[in-house]
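Quick notes on the structure that follows.
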Amino acid sequence: MLVRRKRGWEIPESRATPEPVFRDRRRVLQALGAGSLLAARGFAPAQAAEESDPSAALYPFKRDPRYTLDRPLTPQKIVAHYNNFYEFGPDKSIAGLAQALPIRPWTILVDGLVEKPFTIGIDDLLRKMPLEERLYRHRCVEAWSIAVPWSGFAMAAFLRLAKPLAAAKYVRFQTFLDAKVAPGERRFWYPWPYVEGATIAEGENELAFLVTGLYGKPLPKQDGAPLRLVLPWKYGFKSIKSIVRVSFTDKRPHTFWSKLDPNEYGFWANVNPAVPHPRWSQAFERELGTDKRVPTLIWNGYGDFVAHLYAGIKGQELFR
Ligand SMILES: Nc1nc2c(c(=O)[nH]1)N[C@H]1C(S)=C(S)[C@@H](COP(=O)(O)O)O[C@H]1N2
Ligand SMILES: [Mo]
């Protein structure tokens with residue numbers, strides 16, 4: 001369970017302690033001490049049923065030329081086999097396990113401070129949204145990065161559909177909860193379900209993207225099918241996968257990682273090379289695929305799009 005398999009593209013982790021290995025080892029030891037880990041076992045993993053994806057014919061989406069990269073695309077094989085998706089376990093090799101997630105039918109509940117709560121099926125949503133492809137960089141808080149073609153739609157378009165009330169200040173996203181298919185959700189010391197959040201202003205920013213596909217095809221399950229968020233100027237943990245609920249609220253959402261460790265993972269989590277994580281530097285990142293060590297950019301290089309969002313905010317940790 002805790003064996004870390006090295007793959008060709010992984011360099012020895014000397015600068016950044018991989019978050020999952022560090023954290024999980026600690027928690028597992030604690031749980032074993034309490035004699036309770038064994039009680040969490042005994043579920044049979046769900047059979048990996050390969051259902052056909054009814055949205056496949058929609059792809060590829062037309063690429064929006066506005067979003068350009070400063071580096072080559074990361075090979076697809078790496079993006080699909082080096083994942084963070086704690087619902088399926090704390091290491092990077094969860095692609096196989098994630099195939100157990102049923103992604104049809106899949107509905108998203110929209111509720112909270114909206115004109116009228118509703119649920120919508122993922123295929124209805126795809127029919128209503130302006131679909132496009134964008135090339136974005138993605139920077140994990142663990143100091144690795146990828147550059148990928150996401151398919152999806154602007155979150156601003158989703159907000160027009162959701163119709164939040166003026167009183168809504170935040171949008172809260174929630175991942176599915178089903179310990180029968182997601183063995184990581186039997187690790188009871190994590191605050192399931194995975195929750196993330198953003199301000200409405202962040203959601204309206206043109207970069208905020210709801211993703212349904214990758215490399216011109218429907219999103220692989222391990223990358224967060226059938227619907228995930230991507231906020232490319234923030235650390236990757238904000239980009240919540242496999243969303244089932246989007247709620248509007250006037251209170252800042254309590255997010256998964258900030259519940260686990262508020263000193264290490266804040267709400268804003270904007271990328272900044274000058275603000276180290278408590279346990280490692282954020283000055284550089286390891287580019288998956290090339291293994292090049294490249295300097296990290298403030299706002300992950302997207303400052304022209306987003307820096308203004310934070311101009312008025314004082315006394316808060318914007319970069320953590
Ligand atoms: N539901 C959920 N969403 C999640 C995570 C997770 O564990 N569960 N991990 C996050 C982290 S830390 C990163 S870096 C990205 C990784 O996305 P990728 O596997 O598609 O590269 O997903 C984010 N979204
Ligand atoms: Mo991450």
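Indexing begins at 1, ligand by ligand and atom by atom, following the structure's order.
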- Say whether Ser242 and Tyr194, considering side chains only, have a donor N or O and an acceptor N or O under 3.5 Å apart. no

- Go through the steps to decide whether Thr255 and Ile240 satisfy the test side chain to side chain contact (heavy atoms under 4.5 Å, CB included), and finish with yes or no. CA-CA 10 Å; Thr255 59; Ile240 181 173; over 6 Å; no

- Query: Should the proximity of Asn83 to ligand 1, defined as any heavy atom under 4.0 Å, be assigned to the side chain, the backbone, both, or neither?
  - Reply: both

- Item | Sole residue of Tyr170, Phe256, Phe319 in ring-ring contact (aromatic ring centres under 6.0 Å, His included) with Phe267 | Tyr170

- Message: Just to confirm my output: which protein heavy-atom neighbour is closest to atom 7 (O) of ligand 1, and how far is it?
- Response: Tyr86 N, 2.7 Å

- Item | Numbered atoms of ligand 1 (with element) below 4.0 Å of Cys140, judged on heavy atoms | 14 (S)

- Query: Are there more than 12 heavy atoms of other residues, nucleotides or ligands under 6.0 Å from atom NE2 of His254?
  - Reply: no

- Note on the structure: the protein heavy atom lying closest to atom 13 (C) of ligand 1 turns out to be Gly236 O, 3.5 Å

- Message: Counting non-hydrogen protein atoms only, what is the nearest one to atom 24 (N) of ligand 1? Give residue, atom name and distance.
- Response: Ser239 O, 2.8 Å

- Close approach, Ser242 and ligand 1, non-hydrogen under 4.0 angstrom: no

- Message: Taking only non-hydrogen atoms of Ile146, do any sit less than 4.0 angstrom from ligand 1?
- Response: yes

- Query: Does Glu87 come within less than 4.0 Å of Lys241, counting only side-chain N to carboxylate O?
  - Reply: no

- Query: In ligand 1, which numbered atoms sit nearer than 4.0 Å to a non-hydrogen atom of Phe237?
  - Reply: 10 (C), 11 (C), 12 (S)

- Asp53/Lys217 ion pair, N-O < 4.0 Å: no

- Message: Counting neighbours of NZ on Lys259 that are heavy atoms of other residues, nucleotides or ligands and sit closer than 6.0 Å, is the number greater than 12?
- Response: yes

- Message: At under 4.0 Å between heavy atoms, is it the side chain or the backbone of Tyr194 that contacts ligand 1, or both, or neither?
- Response: side chain

- Item | contact_flag Glu142 ligand 1 heavy-atom lt 4.0 Å | no

- Item | Between Lys92 and Asn83, a side-chain donor and acceptor under 3.5 Å | no

- Protein heavy-atom partner closest to atom 9 (N) of ligand 1 - residue, atom, separation in Å: Asn84 O, 3.2 Å

- Task: Run the numbers for me: atoms of ligand 1, each under 4.0 Å from some heavy atom of Thr175, listed by number.
- Result: 1 (N)

- Counting from 1, what ligand 1 atoms have a heavy atom of Ile240 closer than 4.0 Å? 3 (N), 24 (N)

- Message: Considering Gln222, Lys241, Glu87, His138 one by one, which has a heavy atom nearer to atom 18 (P) of ligand 1 than any of the others?
- Response: Lys241

- Task: Begin with the C-alpha distance, continue with both residues' side-chain angles, and end with the deciding distance and a verdict on ring-ring contact (aromatic ring centres under 6.0 Å, His included) for Tyr59 and Phe61.
- Result: CA-CA 5 Å; Tyr59 294 86; Phe61 301 171; 4.2 Å; yes

- Query: Applying a 4.0 Å heavy-atom criterion (strictly less than), which segment of Arg228 is in contact with ligand 1: side chain, backbone, both, or neither?
  - Reply: side chain

